Amino acid sequence: MVAAVRLNYQDELNPEQCRAVETINGPVLIIAGAGSGKTRVITYRISNMLAAGVPQSAILALTFTNKAAREMALRVRELVGRKLPSLVVSTFHAFGVRILREQIHRLGYRDNFSIYDTHDQMSLLRETAREIKFSLDNVDLYATLTAFSRIKSGFTVWDDQTLPYQTLYNEYLSHMRLYNALDFDDLIQLPIRILSDFPEAAQEYCRRFQYILVDEFQDTSRQQYRFLHLLGAEHQNVCVVGDDDQSIYSWRGADYQNLMQFEADYPTFQEIKLERNYRSSDTILAAANGVIAHNTNRKGKNLWTGSNGGSPIELYHPEDERAEAAFICERIKTLAIKEKLKYHDIGVLIRTNNLARALEEGFLAEKIPYRMSGGESFFQRREIKDLISYMRLCANPDDDISLLRVMNTPRRGVGRKTLEVLQELARVQSISLFSAMHAAAAAEDSPLSQRVRSDLAEFINLIEGYRTRLLSGRRMAETLTALIAEIDYWAHLVSEHQRNDKVAKWKFRNIELFIDIVRAYETDPDNLDRGLFQFLNRITLQLRDDIEQDDDKGKVNLMTIHAAKGLEHEVVFVAGVENGIIPHARAIEENEANIEEERRLFYVAITRARRKLYLTSCRRRKVMREVIECAPSPFLEEIPAELVQFSEIDVTVEQSEAADYFALMKAKFARSAT
DNA sequence: TAGGCCAAGATTTTC
DNA sequence: TCTTGGCCTA
């Protein structure tokens, strides 16, 4: 099997790709343009390493999203034809968790830490503010968290703007610490600390992971780069694969300057450019090239296809978002019937999640099966989060945020008064709420009534009982079923939705689905790392990932452009190609230089298409409650005109008006350029 | 203490 | 517009 792989790949890959596959030792920088067969190269490279005798446990492949990690692991397994239990393919964050689970005691945390997502962080911030009487009026919690994150990761320092929040920040951090909770930044930050402060730990990982491969390198943050750098310090076998034109995560700290940093840090690096595009038609690629050429800050690259022609890009200006949805549905149906295209070969891309709504309504009305990836995930749903919070509290009783959530779901008669007493006790003694409950329930002289204290004791018993059962690590699904029965979650749902028992039923069905997921996790023979903590970590890190469904074949893929990165479809629709959406008004508002990233985003969207690309740009759109006039995205103008065809529906008026508009835009640009 | 009512916020993208 | 969280009252 392995030998076959060795013989074969030369026939399947072009010379540059071969070089990328064969250059195993030393630092390597692979610049891989869109559609240049990057995934194939990576998978072949790994299997080539295995064939060359590198043990699987010595290879570490890091990606950016869960989807990419899963995909890569799957492809390698398929190619090699066997399971690779010791090969580590993981996201940076998940890999951070892996190190922390083994090493976090060095930093004085306990290894049953909770991971807080943005939601949890916001709750904690609210709680903290309340506690120290910090007024949050007119405070943008989200922005505050972003600022905290930047300070924490050393991106910025305190300034006049942020200084007033310093006490809040410190208090927030000490709470995180008290609750034994980590946020996403910590998952990178703390491993860095471990690797740099504890040489014996660093050595362990450096020795083990002799070969490191990073996909989507352009999206790594400075912190992640540092992490990577520390891991590869000893052996220097670091291979990074990226494309500066597809860097679309700068808002999350991605820094494409890491490419330059890499070159400086590894002067002996070999560079390999993959410039031949195997995915898109010539037309589509020419459009993409035309657009991206407007960016100034690029590492030059010249993508080519080696083929000719392709059907033109179709541009349509619907009246509003409903007409847009109708148009897309109509085209999808035609494609399905006339060209025998499968629904799953079609991608509908949007800039923001809220654009999905009208499209979803359209799909439902036209009975087109679809799936939406991204958006509110299953695990974010309320009923699921309730259950997860119970699990988290069992895993880590000091997790106050989970405790607060669970405490009164269902209602347990613990009111504000009681909570205040407990919180005060916790604050004074610097202990968690759960410990405070313990103390209060046992104390003779507690200000709490006998009844309340026995309620608390009952709650403590409930949690501790299930804690033991869940920690035993076996039959979690059954244990959860028992828990749900014991707290009578069903009655809770019914009382929460008295007017609408359908909702209650649906939510309960979700709970059952969740338990199925737990069961699948427990009984998966490939899963060697079962257990409550592992499960919870996995869930938290996969918040946005939807559950893999077997029946996803045969469904149109509706997703954000960000989620579409790394994927491809025969036919792609990009909806809402309007000024203010792509480029997004907020992004530009923030910083005008962001226009380049927005353009890259558009570039990514275009290059997802293999054969045919449709772009739609509404003239009006309902935003919130009002209807606003929309102008086409300025990026449309950057597509060479000869590649574009206006859609036949409503052609007459449309075209002349659009032409007028473009003339206007052109004039505007000419002016601003001088 | 719990349920109902009112007001405010909605965040661009993800781990 | 719709949901969610906070506040007030019974």
Side-chain angles (χ1 to χ4, degrees), chain A residues 62-69 90-97 115-119 121-123 126 130 136-146 149 153 182-189 216 219-221 223-224 247-254 349-357 373-377 379-380 382 408 410-419 449 451-452 455 495-496 498-499 503 537-545 559-565 576 580-590 594 597-598 600-602 604-605 622-627:
Chain A
L62 292 173
T63 65
F64 199 62
T65 62
N66 290 302
K67 206 180 227 165
S90 146
T91 63
F92 273 95
H93 288 87
F95 186 65
V97 170
I115 301 171
Y116 279 7
D117 65 19
T118 322
H119 245 88
Q121 287 181 299
M122 293 227 243
S123 315
R126 264 191 224 110
R130 186 198 301 243
L136 286 179
D137 295 344
N138 303 320
V139 170
D140 183 339
L141 276 185
Y142 193 81
T144 311
L145 277 177
T146 312
S149 154
S153 49
L182 309 179
D183 60 24
F184 283 126
D185 294 325
D186 292 327
L187 301 185
I188 307 297
Q189 201 78 349
E216 305 287 6
D219 286 327
T220 51
S221 68
Q223 302 301 317
Q224 288 166 332
S247 164
I248 54 175
Y249 282 98
S250 75
W251 50 274
R252 231 188 81 179
L349 308 189
I350 48 183
R351 171 70 228 265
T352 64
N353 279 307
N354 59 7
L355 299 181
R357 195 174 214 159
S373 39
E376 197 197 44
S377 93
F379 299 119
Q380 303 266 41
R382 227 198 180 142
N408 276 316
R411 306 242 172 245
R412 239 176 228 108
V414 178
R416 197 170 53 211
K417 228 5 278 189
T418 311
L419 266 181
S449 73
R451 213 200 86 221
V452 170
D455 282 350
S495 75
E496 288 273 292
Q498 287 174 357
R499 289 192 206 133
V503 175
N537 289 341
R538 185 138 119 186
I539 295 279
T540 318
L541 292 175
Q542 299 211 351
L543 266 187
R544 316 262 336 174
D545 256 27
M559 62 183 102
T560 63
I561 302 175
H562 282 89
K565 191 160 78 150
I581 295 182
I582 324 178
H584 199 276
R586 269 181 105 109
I588 303 299
E589 205 177 291
E590 206 172 83
N594 284 342
E597 176 147 325
E598 295 292 310
R600 288 194 291 269
L601 206 43
F602 189 50
V604 168
K622 204 160 117 197
V623 181
M624 304 284 179
R625 70 183 141 214
E626 53 190 344
V627 176

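Each chain gets a letter, A, B and so on, in the order the sequences are listed, and its residues count up from 1. Just so it is clear, the structure is predicted and the values come from calculations on it, not from any experiment.
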After noting the C-alpha distance and the side-chain angles of A:Gln223 and A:Ser153, does the key distance pass the side-chain hydrogen bond (donor to acceptor under 3.5 Å, both in side chains) rule?
CA-CA 7 Å; A:Gln223 302 301 317; A:Ser153 49; 4.7 Å; no
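Remark: A:Arg357 is not in phosphate contact with B:dA10, judged by side-chain N or O atoms under 4.0 Å from OP1 or OP2. At the phosphate of B:dA10, neither OP1 nor OP2 sits under 4.0 Å from any side-chain N or O atom of A:Asn354. At least one side-chain nitrogen or oxygen of A:Thr560 sits closer than 4.0 Å to the OP1 or OP2 atom of B:dT14. The shortest distance between the side-chain N/O atoms of A:Ser221 and the OP1/OP2 oxygens of B:dC15 is not below 4.0 Å.
Whole-Å rounding puts the A:Leu601 CG to B:dT13 C1' distance at 7 Å. Computed from coordinates, the A:Asp117 CG to B:dT13 P distance equals 15 Å when rounded to whole Å. Between the P atom of B:dC15 and the CZ atom of A:Arg538 lies a distance of 15 Å, rounded to the nearest Å. Going from atom NE2 of A:His119 over to atom C1' of B:dA10 covers 12 Å, rounded to whole Å. One atom, CG of A:Leu541, and another, C1' of B:dT14, lie 11 Å apart when rounded to the nearest Å. Between A:His584 atom NE2 and B:dA10 atom P the separation is 14 Å, expressed in whole Å. In this structure, CD1 of A:Ile561 is placed 11 Å from P of B:dT13, rounded to the nearest angstrom. Following rounding to the nearest Å, A:Arg126 (CZ) and B:dG9 (P) show an atom-to-atom distance of 11 Å.
Within the 4.0 angstrom heavy-atom criterion, no nucleotide atom of any strand lies near A:Arg451. Contacts of A:Ser149 with the nucleic acid, taken as non-hydrogen atoms under 4.0 Å apart, are absent. Among the protein residues, A:Phe92 comes within range of no part of the nucleic acid, since none of its heavy atoms lies under 4.0 Å from any strand.
A:Asp183 places a side-chain N or O within 3.5 Å of a backbone atom of A:Asp186 that can act as its donor or acceptor partner.
Nearest nucleotide to the side chain of A:Arg382, out of B:dT13, B:dC15, C:dG5: C:dG5. The side chain of A:Thr418 has B:dT1 as its nearest neighbour among B:dT1, B:dT14, C:dT4.
Counting only heavy atoms from C-beta outward, the side chains of A:His119 and A:Met122 never approach each other to under 4.5 Å.
Under the salt bridge (Lys or Arg N to Asp or Glu O under 4.0 Å) criterion, A:Asp185 pairs with no residue at all, not counting sequence neighbours. In this view, A:Tyr116 satisfies the ring pair (Phe, Tyr, Trp, His ring centres under 6.0 Å) rule with no residue, not counting sequence neighbours.
Comparing the P positions of B:dT11 and C:dT4 gives an interatomic distance of 11 Å, to the nearest angstrom.
Map A:Thr91 and A:Met122 each onto its nearest nucleotide of DNA chain B; the residue landing nearer the 5' end is A:Met122.
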